Amino acid sequence: MNRREVIYISYICQNCNQFNMNKAILPLAIVLAAACGRTAYTSTSNELSFPKVDSLLKVMTLEEKVGQMVLFTADRAVTGPTLRKGYLEDIRAGRCGNIFNAYDADFTRKLQDVAVNETRLGIPLLFGYDVIHGFRTIFPINLGMSCSWDMDAIKESARIAASEAAAAGLHWTYSPMCDICVEPRWGRVSEGAGEDPYLGSLVSAALTRGYQGEDLAADSTLLACIKHYAAYGAPQGGRDYNTVDMSERWLREFYLPPYKAAVDAGALSVMASFNELDGIPATANKHLMQEILKGEWGFQGFVVTDYTGINEMVNHGYATDNADAGVLAANAGIDMDMQSASFMNYLVQAVNDGKVSVKTVDEAVRRVLNVKAALGLFDDPYRYCSEERQDARTMTEENLAAARRIAAGSMVLLKNDGILPLKKGTRVAVTGPLAASRDDLLGSWRGAGKVDQVPASVEDAIKEYNGAANVSPSAGVAVMVAGENCHWTGEAASRSDIRLPKDQTELLKKLKASGKKVVLVLMNGRPLDITEESALADAVLEAWYPGTMGGYAVSDVLFGEYNPSGKLSITFPRCLGQVPVYHYMKNTGRPYVHPEAKYESRYLDVPNEPLYAFGHGLSYTTFGYSDPQLSADGFSGDGSLQVKVTVTNTGSLEGTETVQMYIRDLVGSVTRPVKQLKGFERVTLAPGESREVTFTIDRETISFWRADMTWGPESGDFKVFTGGASDNVKEASFSYTI
Ligand code: NOJ
């Protein structure tokens, strides 16, 4: 037995003495601790099974089992509408086996002490928190990070977040957020990876791997939670929590892939979304939870509701009361109740009344305990609480350097008339409502990030780099930092207007009228309608909310210390009237091809094309593309073909380009998008340097949900497009025979 096992056994022994524990339990608990301690769950393990969890289940009372299905907030952070003062008593009474919104080594240790030393079985608590884009070192918002198209960087951000959070006693993060979104009104578009299922899947897998690492029980990793399952990113009208309805085909093709990718990457928890889907709230949706998630995908972890999601089914008009809602949720495959207290208050009775089976409860508890075991909590319940590690690992120089680099890599240069990069020492005016703000740099869902730990606003950073004497309101170049107050994005922050506030547009006009060149730096969490401002400004840099080191990162990009390489992961519309507008739209029966035609699919007042297309993003250098060269005219069966494209840095600076590949299936048993992202590669090239990039197209690349709802390819003709943005590509053709 190792030291941790001995420690845990001593907890069990204390329990026995203190509470006169049934003697039969002691050996079981000891064996449980020893067995759990030896089995490490890795992201590549196929099976999550701890036989001694089954033994523990045999000695648990129904009340104790239900306690493991309950999750309450400890209110260190407030992330929902209800608070719960009695959570400590609930832990002590064995009614609550899981806590969220508690962090810091000392606080979590105190709570863990109660669970381990004051409950009959001493089962450790699981501590969860919203570590969304960093814990103390804050990275750019997730929408921003997805614009880096850099999976190593995204994974690194999650690894650092996990190492800081795990040292503060946390086991579990409510990330990755895998919600595909084509709706800029929705405030939570900021938390996801944008509009595309292919890119979104890579991002959700990278985040999962970054959090969970190779060994879930390591003291630097966190359990990931896939959310918000499913289709939360498609609320009608963009209003948060609103109704979602889409065909099964659309759901599977465009919305489910990122959740599935995170399951495949080993994530062991899933959060049900607030919304209904096809008339059934996700929280009671058997099709989503049992048939797809636990059935088709073989998910082995547990499913938690979102905040009060069970009780909200009464408002949905799907349950008569909170007790009924709990029954519906448990029977649909929900394993843990976040904050509704429905399981705590009514589930034992529901089992006694025969409305929920013991088997259902056992299955849920087994899933929860298996994950606790995989985290090593039976081995040492305190393994994650360490003041020393917390100090040593938090906001280190390395973490801050990574945050600065990742922030710069997430920014998208939308427009540049040649004013950027600025030369060091150029006199600039720094203005705009967000120029001096440190708060807004952090964005929403900022974990435990603190404003007073943000070293510099954009204005501070520019002064520091450029010399304060060179920053003056009378300068001929203005850097205007504008956008949205960070509280305008995130949860419950939908907007019906996606334009900049009027006073910002007026300021921009004034600056231009005074004869200045204007660089517009935007900080925001959604695609905005910046049609007017974009025409006025000489350059536009989309900086998102760039995090703790964001002030420096903006300065790095403006002055060319970092050559921008971000590409939009979501389309910027010309105006709200175009929404939804995204790159994988269908052709329709009347595509708009004749400028003067009336009966074609178009708007009378704006073009169909967005302001900035998916995949767009400029660099301080330029790139030239060859035509795509195919290795064959076509392929068949399980074969493949290669697409080669040569990219050349045609400018005078080293730069990184994201080479993108899109596909179109010309005729299908169901209609196909005119363009769909199917591959990309980032290449860094010196001036004049060329690189051949090769993409492989195989049956998976061209597979889709066919008319009979099976996943696979169809014979026929295809187009492949390669280029530096979805609206800037060259094409070739090939065929496929099944
Ligand atoms: C509600 C949010 O929808 C979810 O994303 C979050 O993880 C939980 N609250 C917990 O804070």
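What you see is a predicted model, and the numbers here were worked out from it, not measured in a lab. Every number for a ligand or one of its atoms is a count from 1 in the order of the listing.
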Is a side-chain donor-acceptor pair under 3.5 Å present for S175 with Y211? yes
Measuring from atom CG of D113 to atom CZ of R92, what distance do you get when rounded to the nearest 0.5 angstrom? 10.5 Å
Would you say M271 touches ligand 1, if touching means a heavy atom closer than 4.0 Å? yes
Of Y384, F107, Y174, Y103, which is the lone residue that meets ring pair (Phe, Tyr, Trp, His ring centres under 6.0 Å) with Y129? Y103
For E191, is at least one N or O under 3.5 Å away from an N or O on ligand 1? no
What about R188: any of its N or O atoms under 3.5 Å from an N or O on ligand 1? yes
CE-CD distance between M246 and E253, expressed to the nearest 0.5 angstrom: 12.5 Å
Where is the nearest protein heavy atom to atom 9 (N) of ligand 1: which residue, which atom, and how far? D306 OD1, 3.3 Å
Against ligand 1, does H228 come closer than 4.0 Å with any heavy atom? yes
Within the structure, is a non-hydrogen atom of Y129 found at a distance of less than 4.0 Å from ligand 1? no
Quick test: of every protein heavy atom, which one is nearest to atom 11 (O) of ligand 1, and how far off is it to 0.1 Å? D130 OD2, 2.5 Å
Can you list the atoms of ligand 1 that are under 4.0 Å from a heavy atom of K227? 4 (C), 5 (O), 6 (C), 7 (O)
Atoms of ligand 1 close to T79 [distance to a heavy atom under 4.0 angstrom, numbered from 1]: 9 (N), 10 (C), 11 (O)
Below 3.5 Å, N or O to N or O, backbone or side chain included: is there any such pair between W445 and ligand 1? no
One pair to check against ring pair (Phe, Tyr, Trp, His ring centres under 6.0 Å): W149 and F614. What are the steps and the verdict? CA-CA 12 Å; W149 298 49; F614 176 86; 5.5 Å; yes
Walk me through whether W186 and Y232 qualify under ring pair (Phe, Tyr, Trp, His ring centres under 6.0 Å). CA-CA 10 Å; W186 192 49; Y232 181 41; 4.9 Å; yes
dist F50:CZ -> L369:CG (nearest 0.5 Å) comes out at 11.0 Å
Atom CG of D245 and atom CG of N275: how far apart are they, to the nearest 0.5 Å? 10.5 Å
How does E491 reach ligand 1, if at all, at less than 4.0 Å between non-hydrogen atoms: by side chain, backbone, both, or neither? side chain
